[in-house]
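Down below is the structure, laid out as structure tokens.
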Amino acid sequence: MNKKVIIIGAGPAGVSCGYELSKAGYAVEVFESSPYIGGMARSFELWGQKVDVGPHRFFSKEKKINAFFTHLIKDDFTLVNRLTRIYYLNTFFNYPIKLFNVLTNLPFLTIFQILWEYIKVQLSPIKNPTTFEEWVTNKFGKKLFEIFFKNYSEKLWGIPCSKIDADWAAQRIKSLSLWEAVKSALIGNIGNKHKTLVDQFAYPNHGTGVIYERAAEFIQQNGGQVYLNKPVKKVIQDANNKVIGIELMDGTHQLADMVVSTMPLTILVEGLVNTPLPIIEAAKKLYFRNTLLVYLEVDAINLFEDNWIYVHSPEVKHGRITNFRNWSKELYGEKQTTIICLEFWSFDQDAIWSASDQFLADLAKKEINLLKLLPQEANIINDFVMRVPRCYPVYETGYQKHLSMVEKHLDTIENLYPIGRYGSFKYNNQDHSILMGLLAADKIINGTKIDLWEINTDIEYQEEGKIKDVLIQ
Ligand SMILES: Cc1cc2nc3c(=O)[nH]c(=O)nc-3n(C[C@H](O)[C@H](O)[C@H](O)COP(=O)(O)OP(=O)(O)OC[C@H]3O[C@@H](n4cnc5c(N)ncnc54)[C@H](O)[C@@H]3O)c2cc1C
């Protein structure tokens with residue numbers, strides 16, 4: 001008889017795992033709490049157009065991930081020329097940073113300070129940097145840190161950069177040095193292998209969520225089930241702590257040979273039995289940051305060319321604006337309006353998290369007008385607010401100690417596979433969650449020894465190849 005695997009959550013990690021397992025003949029059942037497939041990477045209809053949950057660029061050098069993308073999307077994608085800029089000091093700076101652009105937009109004194117601080121830190125770097133601030137300062141110097149990293153990071157995380165773990169920088173900025181950035185600024189991205197400098201990406205024509213909708217269809221075509229509106233309360237265990245299934249919020253039990261969980265790690269731990277007190281305490285120290293998205297429909301079509309803009313300016317609360325007109329034409333079809341989306345971040349206890357839709361829409365309109373991004377004659381004709389709880393696992397200094405205690409404990413529980421962005425408390429992009437899903441399946445099918453906790457952005461540096469190479473052949 002085929003082994004049965006229950007998967008909690010139909011986001012990228014859950015459905016990619018189900019895709020691989022159902023291909024191998026496992027009986028797959030996915031239980032998703034929301035009415036949607038795709039999790040944070042879903043796409044949805046809004047005012048007759050398609051949009052994503054904020055900007056969703058898909059990029060990976062990992063062949064397994066690109067094969068998954070290609071199998072599901074085939075040639076139904078657009079290669080998007082990425083344009084993303086930073087808005088700061090009432091000026092647009094290119095992102096990735098372009099030297100000429102920086103030189104022409106900053107006062108001479110600031111440029112001098114940048115170079116001076118850079119040389120200073122190269123001669124005398126901070127020993128053993130443990131915080132984001134120290135790590136970035138070591139890499140780029142104090143002045144560049146203050147201009148291009150501090151404000152945005154503090155808006156996003158809601159804590160000072162001196163309290164953000166260096167892990168976040170190490171994962172996200174990786175080996176990008178000032179020299180690499182300068183080289184890219186001078187000669188473009190030719191031959192440059194760094195992810196943050198890649199200037200083209202493949203985007204599914206009808207929204208990023210199509211990848212996951214098709215993966216869910218694939219599971220069903222292979223005999224699996226995907227249940228929506230089925231929130232899972234907890235995983236259930238036998239007397240030896242072995243996982244034997246799940247309990248749904250409606251109180252019913254579903255038995256399985258294995259459970260793959262992409263529900264928030266903290267909630268998973270709360271539901272387990274016989275968890276030692278120190279593990280419960282460690283899990284309680286892990287926390288998340290929420291996202292508030294305000295979508296605005298503007299009755300004009302040429303607002304700005306960027307896919308998204310990072311808004312560093314401290315005078316506004318939002319941190320990023322997406323323009324959905326600049327992704328694929330299938331998103332808007334014949335419509336002569338543009339949907340933009342402003343992102344705000346908050347903790348549960350912040351007033352903005354419980355603010356009314358009206359308040360948030362008014363705030364977004366006020367802030368977009370402050371930035372003067374819309375043509376004068378343009379009007380905002382619609383607004384829509386979306387709240388995404390537990391969006392970002394917060395890498396506060398010391399989090400690693402608590403997380404590894406939880407990881408070690410969960411490793412002792414047989415038949416349980418926690419993966420995904422909030423499922424494993426890793427700041428995953430889609431590609432990392434997909435890879436976790438595919439490798440968790442590999443572990444179940446072939447018993448591979450891979451440590452799923454180790455999957456993070458490092459993985460994509462193991463293999464060369466660009467999405468273009470893989471997809472355009
Ligand atoms: C604003 C924003 C911008 C982003 N930009 C990018 C980008 O440019 N590029 C990129 O690659 N990635 C981006 N991401 C990240 C990307 O969305 C995530 O990496 C990806 O969605 C993570 O997939 P996942 O399956 O791990 O988790 P999720 O997408 O969170 O999926 C988890 C699923 O589990 C379900 N679930 C939770 N609890 C339960 C329960 N108790 N019972 C049943 N189901 C449950 C949830 O409803 C959800 O559907 C962005 C995310 C956001 C929010």
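Along the sequence shown, residues carry numbers from 1. Read the numbers this way: they start at 1 and go in the same order the structure lists the ligands and their atoms.
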Among non-hydrogen protein atoms, atom 40 (C) of ligand 1 lies closest to Val232 N, 3.7 Å
Please confirm whether Val388 comes under 4.0 Å of ligand 1, counting heavy atoms of the residue only.
no
Aromatic rings Tyr427 and Trp157: how do their planes relate, parallel, tilted or perpendicular, breaks at 30° and 60°?
perpendicular
NZ/NE/NH1/NH2 to OD/OE distance under 4.0 Å, Glu281 and Lys285:
no
Regarding Lys365 and Asp383, does a basic nitrogen lie under 4.0 Å from an acidic carboxylate oxygen?
yes
So that I can tick it off, tell me whether Asp348 and Arg289 are bridged by a salt bridge, with the cut-off set at under 4.0 angstrom between side-chain N and carboxylate O.
no
Lys4 bridged to Glu29 by N-O distance under 4.0 Å:
yes
Applying side-chain contact (heavy atoms from CB on, under 4.5 Å) to Phe77 and Leu79, what does each step give before you reach the verdict?
CA-CA 7 Å; Phe77 70 90; Leu79 267 183; 4.0 Å; yes
Looking at Glu407 and Lys426, does any basic side-chain N land under 4.0 Å from a carboxylate oxygen?
yes
Closest protein heavy atom to atom 19 (O) of ligand 1, given as residue, atom name and distance to 0.1 Å:
Asn428 O, 2.8 Å
Hey, is Asp306 close enough to Arg85 for a salt bridge, meaning N to O under 4.0 Å?
yes
Set of side chain to side chain donor-acceptor pair (under 3.5 Å) partners for Asn205, sequence neighbours left out
Asp76, Thr78
Could you check atom 16 (C) of ligand 1 against the protein and tell me its nearest heavy-atom contact, residue, atom and distance included?
His56 NE2, 3.5 Å
Check the orientation of Phe201 and Tyr203. Use parallel for under 30°, tilted for 30 to 60°, and perpendicular for over 60°.
perpendicular
Need the ligand 1 atom indices (1-based, order shown) with element for anything under 4.0 Å from a heavy-atom of Pro231.
42 (N)
Taking only heavy atoms of Gly39 into account, list the atoms of ligand 1 that are under 4.0 Å away from them.
29 (O), 31 (O), 48 (C), 49 (O)
So if I count the atoms of ligand 1 from 1 in the order they appear, which ones are less than 4.0 Å from some heavy atom of Gly420?
26 (O)
Looking only at protein heavy atoms, which one is nearest to atom 46 (C) of ligand 1, and what is the separation?
Tyr422 OH, 3.3 Å
I need the nearest protein heavy-atom contact for atom 24 (P) of ligand 1: residue, atom name and distance, please.
Ser433 OG, 3.5 Å
Which ligand 1 atoms does Glu343 reach within 4.0 Å, using its non-hydrogen atoms?
1 (C)
Considering Met40, Arg57, Arg320 one by one, which has a heavy atom nearer to atom 7 (C) of ligand 1 than any of the others?
Arg57
Between ligand 1 and Phe58, can you find any atom pair, the residue atom being a heavy atom, that is separated by under 4.0 Å?
no
Should Thr291 be listed as contacting ligand 1, given a heavy-atom distance under 4.0 Å as the test?
no
Closest to atom 4 (C) of ligand 1 by heavy-atom distance, out of Gly54, Pro55, Gly437, is Pro55
List the closest protein heavy-atom neighbour of atom 31 (O) of ligand 1: residue, atom name, distance to the nearest 0.1 Å.
Gly11 CA, 3.4 Å
Below a 4.0 angstrom heavy-atom separation, can you tell me which part of His432, side chain or backbone, both or neither, approaches ligand 1?
neither
Could you tell me which atoms of ligand 1, counted from 1 in the order shown, lie closer than 4.0 angstrom to a heavy atom of Pro12?
20 (C), 21 (O), 23 (O), 24 (P), 25 (O), 29 (O)
Per-atom contacts of ligand 1 with Gly9, taking only distances under 4.0 Å to non-hydrogen atoms
33 (C), 34 (O), 35 (C), 44 (N)
Quick one: is the NZ or CZ of Arg325 closer than 6.0 Å to the six-membered ring centre of Tyr332, and within 45° of its axis?
yes
Geometric N/O contact Glu32 with ligand 1, under 3.5 angstrom
yes
Which ligand 1 atoms, with their elements, are less than 4.0 angstrom from a heavy-atom of Phe31?
43 (C), 44 (N)
Is there a nitrogen or oxygen of Ala13 sitting under 3.5 Å from a nitrogen or oxygen of ligand 1?
yes
Mind checking the CD-CG spacing from Glu414 to Asp238? Nearest 0.5 Å is all I need.
8.5 Å
Side chain to side chain donor-acceptor pair (under 3.5 Å) partners for Glu396, two or more places apart:
Tyr287
Please report which non-hydrogen protein atom sits nearest to atom 36 (N) of ligand 1, along with the residue it belongs to and the distance in Å to one decimal place.
Ser33 OG, 3.6 Å
Among all protein heavy atoms, pick the one closest to atom 32 (C) of ligand 1 and tell me residue, atom and distance.
Thr262 OG1, 3.7 Å
Aromatic ring pairing Phe384/Tyr295, orientation class (parallel under 30°, perpendicular over 60°, tilted between):
tilted
Can you list the ligand 1 atoms lying under 4.0 Å from a non-hydrogen atom of Cys391?
53 (C)
No-hydrogen, no-angle side-chain donor-acceptor test under 3.5 Å, Trp308 and Asn326
no
Would you please determine whether Pro264 falls within less than 4.0 Å of ligand 1 on a heavy-atom basis?
yes
